[in-house]
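Values below: all heavy atoms of this structure, side chains included; hydrogens, waters and symmetry mates excluded. Each ligand, and each atom within it, is numbered from 1 in the order the structure gives. It should be emphasised that the depicted structure is a prediction, and the values quoted were computed from it without experimental measurement.
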Amino acid sequence: MKKNLFIFGTRPEAIKMAPLVKEFQKYSGFDTKVCVTAQHREMLDQVLEFFEISPDYDLDVMKPNQNLYSLTAEVITGLKSVLQEYQPDFVFVHGDTTTSAAAAIAAFYSGAQVCHVEAGLRTHNKWSPFPEEMNRQLTGRIADYHFAPTAQSKDNLRQENIKSDSILVTGNTVIDALLYSSNKVETIENAEIEILKKLVDADRKLILVTGHRRENHGQGFINICEALKKIATDNPDIQIIYPVHLNPNVQKPVYELLSNVHNIKLIDPLAYPAFVWLMNQSYLIITDSGGVQEEAPSLGKPVLVMRDTTERPEAVDAGTVIIVGTDKDKIVTEANSLITDTEKYRTMSNLHNPYGDGKASERIAAYIKALDSLK
Ligand code: UD1
Ligand code: UDP
C-alpha cells in the first residue's frame, strides 16, 4: 500500500491542506499520515481543531520571534527521523512557507516523490513576497508533481520548462476549505461567531483588516496603521475590525498605534469559521494575505491588497482586487472612494470564483490514485 505524508506548519497551509488530508483519509487504498512542523503553534492548532485533524507527528518548532535560519534548519533536521521511520512514497507540501521549502528539501533527501500543492504562483521578484517567492520556486524545482490552482499558474511552470504531464490544474483547495467551513457552521453552533455577533454593528459598514508580510515589517506596518487611523477618522460611522497576527513584529506597531481609536477593534486571530463569517459580514477587506485574496472574490468582497506585487493576478484582472502597496495616501484614497462611490463599489463586489470550484482535493486524490494504478 502506498504511503502518503502531508507536511505543513502554518495557519494557511493547514487550512488549504485540511480538505486534501480528509479526501485521502476517505480512501482505504492509501496509508495517509500528517506531520506538522508547528512553525505556527496557536494559529495552527485553531485549524487542526476545526478540521478535526490529529497529526501523527508534531515537530513543535515554533520559537518566539523566530528567524529564517534556525527555523529552516529545525524543520529539515526534525523531519529526518519522521521520514526515516515512515518512509513515505509521496510527500505533499503546500505553497511557499519556510516549512514548504524545507520539507521539500528533506523529502527529496529521503527519496520520496514530492507533490507540490498550490504550485506555480509567481511574482518573479525574489524579494516580494519575501521569502515566499524563492520558497515556491525552490519547491517547484524539487517537486515531481505540481498541482497548479489556475491555468496562469500552470503557464508559469511551463515557462520554467516543467513538463506539462507533471502539472495538473486543480483549482485552489482553499475553496474546498471555504465550502467545508460554510457547511459545518450551518449545522454546529460556533461560540466565537456568537461573540462576534455582539461585536459587529450590523447597521454600520465593516472594514476587515489582516496583515503579516515580512517585507511590510517596520515602516510598512507604521504606514498601514496610519492609513487605518485616517480611514477611521475620515469615516466615523464605519467600523474596522482587525484580528492581529501573533507575530511580534506585527503586534507591537498595531497595538501601539491603533489601540485608542474608537472605531477600530483589535482582536486576537480568529479560528477559520469565525473569520469566514466576518469576511461575509464585511463591506471591504484590506489585507496583505495570500489566502484572503483567494477567498474574498468567492464571497463577493472587494479587496485592497497592501503589497507591491501579487502572485494572484486573476482577481486583479477581474477587477475585484486593487494593489495599493503600503503607501498611506493610496490606501486611504482607495478605501475612502469605495466607502463613498457606490457604483465603483458595486462593480468591484462582483462575485466570482477564479480560484476554484471546491473540487481541487478530489482532483488531486484522483490523480495520485491513477498514478498508483499505473505502477
Ligand atoms: C509565516 C510564513 C508566511 C505565511 C504566514 C501565514 C514564512 C517565512 N512565513 O509568516 O509565508 O504567509 O506564516 O500567517 O514561512 N507566532 C505565534 N503563534 C502562532 C504563530 C506565530 O506566537 O501561532 C509568532 C511567533 O513569535 C513566531 C512569529 O509569530 O516566531 C513568526 O512566525 P513565522 O511563521 O516565522 O512568520 P509569519 O510572519 O507567521
Ligand atoms: N484567517 C483565519 N483567521 C484570521 C485571519 C485569517 O482563519 O484571524 C485565514 C484566512 O481565511 C485565510 C488564511 O487564514 O484562509 C490566511 O492566512 P494568512 O493571511 O496568515 O497567510 P497567507 O495566506 O498570507 O499565507
Side-chain angles (χ1 to χ4, degrees), residues 8-19 36-51 60-72 74-75 93-103 118 121 128-136 139 172-178 180-182 192 196 208-217 221 241-252 266-280 282 285-296 298-299 301 303 305-307 310-312 355:
F8 50 88
T10 64
R11 168 174 69 191
E13 293 165 83
I15 291 169
K16 293 168 169 182
M17 286 288 239
V36 294
T37 63
Q39 174 178 336
H40 284 174
R41 187 71 275 173
E42 303 91 317
M43 285 159 55
L44 171 75
D45 292 343
Q46 283 181 321
V47 182
L48 295 174
E49 189 186 333
F50 175 66
F51 285 94
D60 200 21
V61 300
M62 195 192 87
K63 305 271 187 314
N65 206 6
Q66 60 208 1
N67 66 75
L68 297 176
Y69 306 89
S70 56
L71 178 61
T72 306
E74 284 199 41
V75 171
V93 298
H94 183 280
D96 55 22
T97 68
T98 293
T99 287
S100 324
E118 198 182 87
L121 277 64
S128 178
F130 172 84
E132 290 82 5
E133 175 68 11
M134 199 40 71
N135 284 343
R136 55 192 170 226
T139 307
N172 198 307
T173 56
V174 78
I175 306 299
D176 307 17
L178 200 57
Y180 174 93
S181 170
S182 324
E192 216 176 11
L196 283 177
L208 175 61
V209 179
T210 77
H212 66 83
R213 299 241 81 86
R214 262 183 163 71
E215 66 274 15
N216 290 346
H217 292 174
F221 265 94
I241 300 189
Y242 184 169
V244 188
H245 193 289
L246 295 179
N247 192 322
N249 301 294
V250 177
Q251 291 261 319
K252 191 166 181 291
L266 304 178
I267 59 174
D268 285 339
L270 292 163
Y272 188 58
F275 187 76
V276 172
W277 182 87
L278 203 54
M279 279 196 284
N280 258 316
S282 65
I285 300 175
I286 306 182
T287 187
D288 65 15
S289 164
V292 176
Q293 284 179 65
E294 293 155 346
E295 293 158 336
S298 282
L299 304 171
K301 302 297 173 184
V303 183
V305 174
M306 299 182 293
R307 294 172 48 182
T310 184
E311 57 289 296
R312 294 167 171 89
Y355 298 110

Worksheet item: Can you tell me which residue and heavy atom of the protein come closest to atom 19 (C) of ligand 1, and the distance to 0.1 Å?
Response: Glu42 OE1, 3.4 Å
Worksheet item: Side chains of Glu13 and Thr97: do they bring a donor and an acceptor to under 3.5 Å?
Response: yes
Practice prompt. Taking Lys301 for its side chain and Asn280 for its backbone only, find out whether a donor-acceptor pair lies under 3.5 Å.
Written response: yes
Item to complete: Could you pull out, from His40, Gln46, Met62, the option with a heavy atom nearest to atom 16 (N) of ligand 1?
Response: Met62
Fill in: Proximal atoms of ligand 2 relative to Pro243 (non-hydrogen, under 4.0 Å)
8 (O)
Worksheet item: What residue and heavy atom of the protein are closest to atom 1 (N) of ligand 2, and at what distance?
Response: Phe275 CD2, 3.6 Å
Worksheet item: When you measure from atom 4 (C) of ligand 1 to every protein heavy atom, which one gives the shortest distance, and what is it?
Response: His212 CE1, 3.7 Å
Worksheet item: Can you tell me the protein heavy atom closest to atom 23 (O) of ligand 2 and the distance?
Response: Gly291 N, 2.7 Å
Worksheet entry | Sidechain-backbone polar pair: Arg214 side chain, Pro131 backbone, donor-acceptor under 3.5 Å | no
Worksheet item: Do Glu74 side-chain atoms and Leu71 backbone N/O form a donor-acceptor pair below 3.5 Å?
Response: no
Worksheet item: Where on Leu246 is there a heavy atom closer than 4.0 Å to ligand 1, on the side chain, on the backbone, on both, or on neither?
Response: both
Worksheet, complete the sentence: Distance col, row Asn249:CG vs Arg213:CZ, nearest 0.5 angstrom, shows 14.0 Å
Fill in: Part of Glu132 within contact of ligand 2 (heavy atoms, under 4.0 Å)
neither
Discussion item. With a sphere of 6.0 Å drawn around CD of Gln251, does it hold more than 12 non-hydrogen atoms of other residues, nucleotides or ligands?
Written reply: yes
Worksheet entry | Pairing of Glu42 and Arg11 as salt bridge, 4.0 angstrom limit | no
Practice prompt. Just let me know how Lys16 lines up against ligand 2, side chain, backbone, both or neither, with a heavy-atom cut-off below 4.0 Å.
Written response: neither
Worksheet item: So which of Arg213, Arg312, His212, Gln46 gets nearest to atom 18 (P) of ligand 2, if we judge by its closest heavy atom?
Response: His212
Item to complete: List the closest protein heavy-atom neighbour of atom 33 (P) of ligand 1: residue, atom name, distance to the nearest 0.1 Å.
Response: Gln66 NE2, 3.2 Å
Item to complete: Heavy atoms only: give me the nearest Ala296-Ile285 pair and the separation to one decimal.
Response: CB-CD1, 4.0 Å
Response to the item:
Counting heavy atoms under 4.0 Å, the part of Pro131 that contacts ligand 1 is side chain
Worksheet entry | Donor + acceptor pair across side chains of Gln293, Thr310 (<3.5 Å) | yes
Worksheet item: Who gets closest to atom 19 (O) of ligand 2 by heavy atom: Ala271, Gly95, Ser289?
Response: Ser289
Item to complete: Write out the residue and atom name of the closest protein heavy atom to atom 29 (O) of ligand 1, then the distance separating them to 0.1 Å.
Response: Asn247 CA, 3.2 Å
Worksheet item: Should Pro269 be counted as touching ligand 2, given the test is an N or O pair under 3.5 Å?
Response: no
Worksheet item: Are any of the N or O atoms of Glu132 closer than 3.5 Å to those of ligand 1?
Response: yes
Discussion item. If we ignore hydrogens and angles and just use 3.5 Å, is the side chain of Asn216 paired with the main-chain N or O of Met306 as donor and acceptor?
Written reply: yes
Worksheet item: Can you find an N or O of Lys63 that's nearer than 3.5 Å to an N or O of ligand 1?
Response: yes
Worksheet item: Going by the order shown, which atoms of ligand 1 are within less than 4.0 Å of some heavy atom of Met43?
Response: 19 (C), 20 (C), 23 (O)
Worksheet item: Which ligand 2 atoms, with their elements, are less than 4.0 angstrom from a heavy-atom of Gly290?
Response: 22 (P), 23 (O), 24 (O)
Fill in: Atoms of ligand 1 close to Asn65 [distance to a heavy atom under 4.0 angstrom, numbered from 1]
25 (C), 26 (O), 27 (C), 30 (O)
Practice prompt. Indicate yes or no: does an N/O atom of Arg213 lie under 3.5 Å from an N/O atom of ligand 1?
Written response: yes
Worksheet item: Has the side chain of His217 got a donor or acceptor atom that lies under 3.5 Å from a matching backbone atom of His212?
Response: yes
Worksheet entry | Proximity to ligand 2 by part of Tyr272, non-hydrogen separation under 4.0 Å | both
Worksheet entry | Donor on one side chain, acceptor on other, Ser289 and Thr210, under 3.5 Å | no
Worksheet entry | ligand 1 atoms in contact with Leu68 (distance to a heavy atom under 4.0 Å) | 8 (C)
Practice prompt. Salt-bridge test for Glu118 and Arg136: reply yes if a basic N is under 4.0 Å from a carboxylate O, no otherwise.
Written response: no
Fill in: Per-residue contact class, Ser289 against ligand 1 - non-hydrogen pairs under 4.0 Å
neither
Fill in: Nitrogen or oxygen atoms of His245 and ligand 1 under 3.5 Å apart
yes
Worksheet entry | Any donor-acceptor N or O pair under 3.5 Å, side chains Asp176, Thr173 | no
Practice prompt. Could you walk me through whether Phe8 and Thr37 pass the side chain to side chain contact (heavy atoms under 4.5 Å, CB included) test, one step at a time?
Written response: CA-CA 6 Å; Phe8 50 88; Thr37 63; over 6 Å; no
Practice prompt. Starting from atom 2 (C) of ligand 1, find the nearest protein heavy-atom neighbour and note its residue, name and distance.
Written response: Gln39 NE2, 3.8 Å
Fill in: Side chain, backbone, both or neither: Arg11 near ligand 2, heavy atoms under 4.0 Å
side chain
Discussion item. Give me the nearest non-hydrogen protein atom to atom 10 (C) of ligand 2 as residue plus atom name, then the distance to 0.1 Å.
Written reply: Glu295 OE1, 3.4 Å
Worksheet item: Under 3.5 Å, is there a donor-acceptor pair between the Glu295 and Ser298 side chains?
Response: no
Worksheet item: Under 3.5 Å between some N or O of ligand 1 and some N or O of Arg214?
Response: yes
Discussion item. Between Asp60 and Arg41, does any side-chain N to carboxylate O distance fall below 4.0 Å?
Written reply: yes
Worksheet item: Atoms of ligand 1 less than 4.0 Å from Thr97 heavy atoms?
Response: 11 (O), 15 (O)
Item to complete: Considering heavy atoms of the protein only, find what lies nearest to atom 25 (O) of ligand 2 and give residue, atom and distance to 0.1 Å.
Response: Pro12 CG, 3.4 Å
Worksheet item: Is the side chain of Ser181 donor-acceptor paired with the backbone N or O of Ala177 at a distance under 3.5 Å, no angle test?
Response: no
Item to complete: Under 4.0 Å from a heavy atom of Thr98: give me the atoms of ligand 1 that qualify, with their elements.
Response: 7 (C), 8 (C), 15 (O)
Worksheet item: Would you call the rings of Phe51 and Tyr180 parallel, tilted or perpendicular if under 30° counts as parallel and over 60° as perpendicular?
Response: parallel
Worksheet entry | Ile15 neighbourhood, listing ligand 2 atoms whose heavy-atom distance to it stays under 4.0 Å | 7 (O), 9 (C), 13 (C), 14 (O), 15 (O)
Response to the item:
For Arg41, the ligand 1 atoms with a heavy-atom partner under 4.0 Å come out as 19 (C), 23 (O)
Practice prompt. Between Leu270 and ligand 2, find which residue part has any heavy-atom pair under 4.0 Å and reply side chain, backbone, both or neither.
Written response: both
Discussion item. For Thr99 and Gln39, which I'm curious about, is there any donor-acceptor pair between the side chains at under 3.5 Å?
Written reply: yes
